[in-house]
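A short write-up of the structure that comes next.
So you know, we letter chains A, B, ... as the sequences are listed, proteins then strands, and number each from 1. Computed from a predicted model, the values in this text were never measured in an experiment.
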Amino acid sequence: MINSIYQKLLNHFGEQGWWPTINPKTGKIEYHSKRHIDENKRFEIILGAILTQNTSWKNAEKAILNLRKNKLLSKEKLNKIPVKKLSSLIKSSGYYNQKARKIKEFLAYKGLMKRQKLLGIWGLGPETVDSILLYAYNRPVFVIDSYTKRIFSRLMPQTSKLKTYEGWQKFFESKLPKNAELFKEYHALIVHLAKENCRKNPECVSCPLREQCKSFR
DNA sequence: GGCCAGGCCGGTG
DNA sequence: CACCGGCATGGC
């Protein structure tokens with residue numbers, strides 16, 4: 001089921017090629033980038049993961065572009081500016097006071113990129129940490145977000161027994177080969193479906209999964 | 001004008 | 001452990 005849903009989404013929407021990042025030549029965000037992930041790009045992904053917390057990607061994207069416009073899009077530069085200045089630059093992402101602190105807390109962290117360690121950083125919860133590990137560091141961890149829960153609660157009502165983040169995560173990881181590229185693509189496809197069809201007010205008629213969905217209407 | 005968006009923290013029961 | 005209020009902007 002979990003595997004066949006992936007195939008259906010991939011056939012229907014095509015490869016997504018996440019995470020969206022800035023093309024340094026054009027200065028524009030690329031949504032289907034296969035570019036090599038260097039240190040700067042890694043940091044950009046981490047910023048995006050924090051800035052998009054409970055916020056539309058577009059608003060997070062504006063904040064990243066604004067940092068770039070001000071030539072501050074690097075760890076070194078951001079280390080040098082006060083948290084107040086940072087918060088004023090990322091206003092568009094919402095919750096900007098909290099998010100500025102979260103970025104500073106991450107910058108102050110000097111340890112290893114291990115899940116349990118990262119979860120100890122103020123402001124980084126399981127979804128943010130797993131997005132960082134998967135998309136910036138190619139670690140095979142399956143990311144759970146509100147879209148994943150919404151879609152699979154509708155598709156498979158038995159998932160209502162999955163209470164915790166880790167419960168949801170194990171559900172997926174136990175049914176899929178442990179492969180970072182697969183996890184990346186699957187999560188990106190989930191986001192696409194959530195925006196296209198499986199919205200809060202769903203658009204079921206054109207949904208690629210309508211055949212097997214318990215909530216089709 | 002209300003609803004929604006790729007959460008997390010701190011506090012409560 | 002599960003649930004809650006607070007945090008905030010911008011697009012539709």
Rounded to whole Å, CD of Gln53(A) lies from C1' of dG10(C) at a distance of 18 Å
Short side-chain N/O contact from Ser146(A) to OP1 or OP2 of dG7(B), under 4.0 Å: yes
_For a 4.5 angstrom cut-off between non-hydrogen side-chain atoms, does Val191(A) reach Thr148(A)?_
no
Ile132(A) atom CD1 is separated from dG7(B) atom C1', nearest whole Å, by 12 Å
_Quick check on dC7(C): is either OP1 or OP2 less than 4.0 Å from any side-chain nitrogen or oxygen of Tyr96(A)?_
no
Is there a donor-acceptor contact under 3.5 Å linking the side chains of Gln53(A) and Lys102(A)? yes
Tyr31(A) and Trp57(A), any side-chain heavy atoms less than 4.5 Å apart
yes
Whole-Å distance, Asn97(A) CG to dT9(C) C1', equals 12 Å
Report task. State whether Lys62(A) places a side-chain N or O below 4.0 Å from either non-bridging phosphate oxygen (OP1 or OP2) of dG11(C). Result -> yes
Close N or O pairs between protein and nucleotides 10-13 of chain B (under 3.5 Å):
{"residue": "dG10(B)", "atom": "OP1", "partner": "Trp122(A)", "partner atom": "NE1", "Å": "3.0"}

Q | Distance, P atom - from dC8(B) to dG10(C), rounded to whole angstrom | A | 22 Å
- Message: If you compare every side-chain N and O of Thr128(A) against the phosphate oxygens of dC8(B) (OP1, OP2), does one of them come in below 4.0 Å?
- Response: yes
Before you tell me yes or no, could you show the steps for Asp130(A) and Arg139(A) under salt bridge (Lys or Arg N to Asp or Glu O under 4.0 Å), namely the whole-Å CA-CA distance, both residues' side-chain angles and the distance that decides it to 0.1 Å? CA-CA 9 Å; Asp130(A) 288 342; Arg139(A) 307 277 175 74; over 6 Å; no
Considering only heavy side-chain atoms of Asn59(A), the closest of dC4(B), dT9(C), dG7(B) is dT9(C)
To the nearest angstrom, the CZ-C1' distance between Arg150(A) and dC3(B) comes to 13 Å
5'-most contact on DNA chain B (nearest-nucleotide basis), Ser56(A) vs Pro126(A), goes to Ser56(A)
From the list Ile5(A), Asn197(A), Leu189(A), side chain to side chain contact (heavy atoms under 4.5 Å, CB included) with Pro208(A) holds only for Asn197(A)
### Query
Looking at Arg199(A), does any N or O in its side chain come under 4.0 Å of the phosphate oxygens OP1/OP2 on dC12(C)?
no
So what does Ser131(A) touch, heavy atoms closer than 4.0 Å: a base, only the sugar-phosphate, or nothing? nothing
- Message: If the threshold is 4.0 Å, N to carboxylate O, is there a salt bridge linking Glu15(A) and Lys34(A)?
- Response: yes
Rounded to whole Å, CG of Asn54(A) lies from C1' of dC9(B) at a distance of 13 Å
Under 4.0 Å, heavy atoms only, any strand: does Leu124(A) hit a base, just the sugar-phosphate, or nothing? sugar-phosphate
Quiz item: Heavy atoms under 4.0 Å, any strand shown: does Thr148(A) hit a base, just sugar-phosphate, or nothing?
Solution: nothing
### Query
Taking the six-membered ring where the residue is Trp, are the ring centres of Phe172(A) and Phe152(A) under 6.0 Å apart?
yes
Considering only heavy side-chain atoms of Lys163(A), the closest of dA8(C), dC8(B), dA2(C) is dA2(C)
Separation of dC9(B) atom P from Ile121(A) atom CD1, nearest Å, is 11 Å
* Asked: Heavy atoms under 4.0 Å, any strand shown: does Glu127(A) hit a base, just sugar-phosphate, or nothing?
  -> sugar-phosphate
Under 4.0 angstrom between Lys200(A) side-chain N/O and dA5(B) OP1 or OP2: yes
Whole-Å distance, Lys102(A) NZ to dG6(C) P, equals 17 Å
- Query: Which part of the nucleic acid, if any, lies within contact of Gly94(A), taking any heavy atom under 4.0 Å across all strands shown: a base, the sugar-phosphate backbone alone, or nothing?
  - Reply: base
* Same apolar cluster: Ile144(A) and Leu119(A), side chain cutoff 4.5 Å -> yes
To the nearest angstrom, the NZ-P distance between Lys99(A) and dC7(C) comes to 14 Å
